[in-house]
Amino acid sequence: MTEKFVELNMEEGIATVTINRQKSLNALSQEVLEQLGQVIKYVGQDDEVRVVIITGAGSKAFVAGADIGAMVNMTAQEARDYSIFAHKVFESIEQLPKPVIAAVNGYALGGGNELALACDIRVASSTANFGQPEITLGIIPGFGGTQRLSRLVGKGRALELILTGKMIDAKTAEAMGLVNVVVPPEELMNTAKGIAKKIAAFSPLSITFAKEAVNRGLQMTLKLGSKYEIELWTDCFTTEDQDIGMAAFLNKQKPAFKGA
Ligand code: CAA
């Protein structure tokens, strides 16, 4: 029987996805990536799920990277396939029409930092550490780090992490914009769930449009991205939730969005 490395817990419209392979600090073996991909597909299709949280099991690691034990004897073709597959899974997170929050509870290194980067918001425990140590292994980041890290924190900061392989603490990661908020370890999950609940109360349609406008817009020129924003903004005005949200404001009431 296949071992279960990815757990799913549903509560009040929030799906918590926990990567649990603690003996290897939750390293992303092919099996872990496959199970993560399946769970992301499932939560994407489940209308009950409004927001997803991804975290790591235990207090030591979020994810300590790709699986070094599995990579040591890989051929170049096998390494390419591994990278292509991980990119596919991480793209499915980035393109999920629901927000994904990374609750980073410990080491987020290599593929672990790259997983956090594929999420929309990163909340970190004060004990978390971040880095792209691939250079120390004679390789480069291969699960999206060269692209997403430089887009998020800028070329200079990204190259500093990628070329030195150094680890940074959560506060340093927050200062460079890699992390949205840092909290004590015991507050991590409640903070992530608090953000998730706040988002879950809004119209899922405008939430999806907002995520798509930012993510797809970043792949475009400013001019094309702006045009794309106009289209999605226009689409908002075809929804009932736009009527509900604006009428509630004018009537000094709390909106009860329908997702329609
Ligand atoms: N892959 C496979 N196994 C890993 C792992 C990884 N990425 N990270 C940790 N482990 C394993 C260790 O081998 C060890 O196993 P054993 O008990 O069987 O020896 C176990 O997890 C615990 O790790 P340590 O004993 O090393 O724990 P530590 O507290 O001394 O150090 C650490 C913690 C600093 C995170 C250290 O484990 C470490 O440096 N890990 C590797 C981090 C790394 O280089 N990540 C990048 C991987 S490459 C990559 O991700 C490529 C890409 O772009 C996709």
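All values below come from the heavy atoms of this structure, side chains included, with hydrogens, waters and symmetry mates left out. Note that ligands are numbered from 1 as they come in the structure, with each ligand's atoms numbered from 1 the same way.
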Name the closest protein heavy atom to atom 44 (O) of ligand 1, giving the residue it belongs to and the distance to 0.1 Å. Pro133 CG, 3.4 Å
For atom 10 (N) of ligand 1, grab the closest protein heavy atom and report residue, atom and distance to one decimal in Å. Ser24 O, 3.8 Å
Go through Asp169 and Thr172 one step at a time and tell me if the side chain to side chain donor-acceptor pair (under 3.5 Å) criterion holds. CA-CA 5 Å; Asp169 63 18; Thr172 309; 2.6 Å; yes
Please lay out, stage by stage, how Thr75 and Gln77 fare under the test side chain to side chain donor-acceptor pair (under 3.5 Å). CA-CA 5 Å; Thr75 63; Gln77 185 55 49; over 6 Å; no
Residues Glu34, Gln30; criterion side chain to side chain donor-acceptor pair (under 3.5 Å); working and verdict: CA-CA 6 Å; Glu34 280 169 14; Gln30 178 70 22; 2.9 Å; yes
Option set Lys23, Glu114, Met167, Met71, criterion heavy-atom distance to atom 17 (O) of ligand 1, minimum: Lys23
Counting only heavy atoms closer than 4.0 Å, does ligand 1 sit against the backbone of Leu28, its side chain, both, or neither? neither
Under 4.0 Å, heavy-atom basis, I'd like to know which part of Ala27 is in contact with ligand 1: side chain, backbone, both or neither. side chain
Within the 4.0 Å heavy-atom cut-off, what Ala66 brings close to ligand 1 is both
Using a plain distance cutoff, I'd like to know if Gln132 has any nitrogen or oxygen under 3.5 Å from a nitrogen or oxygen of ligand 1. no
Would you tell me which option among Leu137, Ile140, Leu25, Ile68 has the nearest heavy-atom contact to atom 1 (N) of ligand 1? Ile68
Using a 4.0 Å heavy-atom threshold (strictly under), name the region of Lys60 that reaches ligand 1: side chain, backbone, both or neither. side chain
Sub-4.0 Å protein heavy atom next to atom 24 (P) of ligand 1: no
I need the nearest protein heavy-atom contact for atom 52 (C) of ligand 1: residue, atom name and distance, please. Glu134 OE2, 3.2 Å
The closest protein heavy-atom partner of atom 45 (N) of ligand 1 is Ala64 O, 2.9 Å
Note the single closest protein heavy atom to atom 38 (C) of ligand 1, along with its residue, its atom name and the distance in Å. Leu109 CD1, 4.7 Å
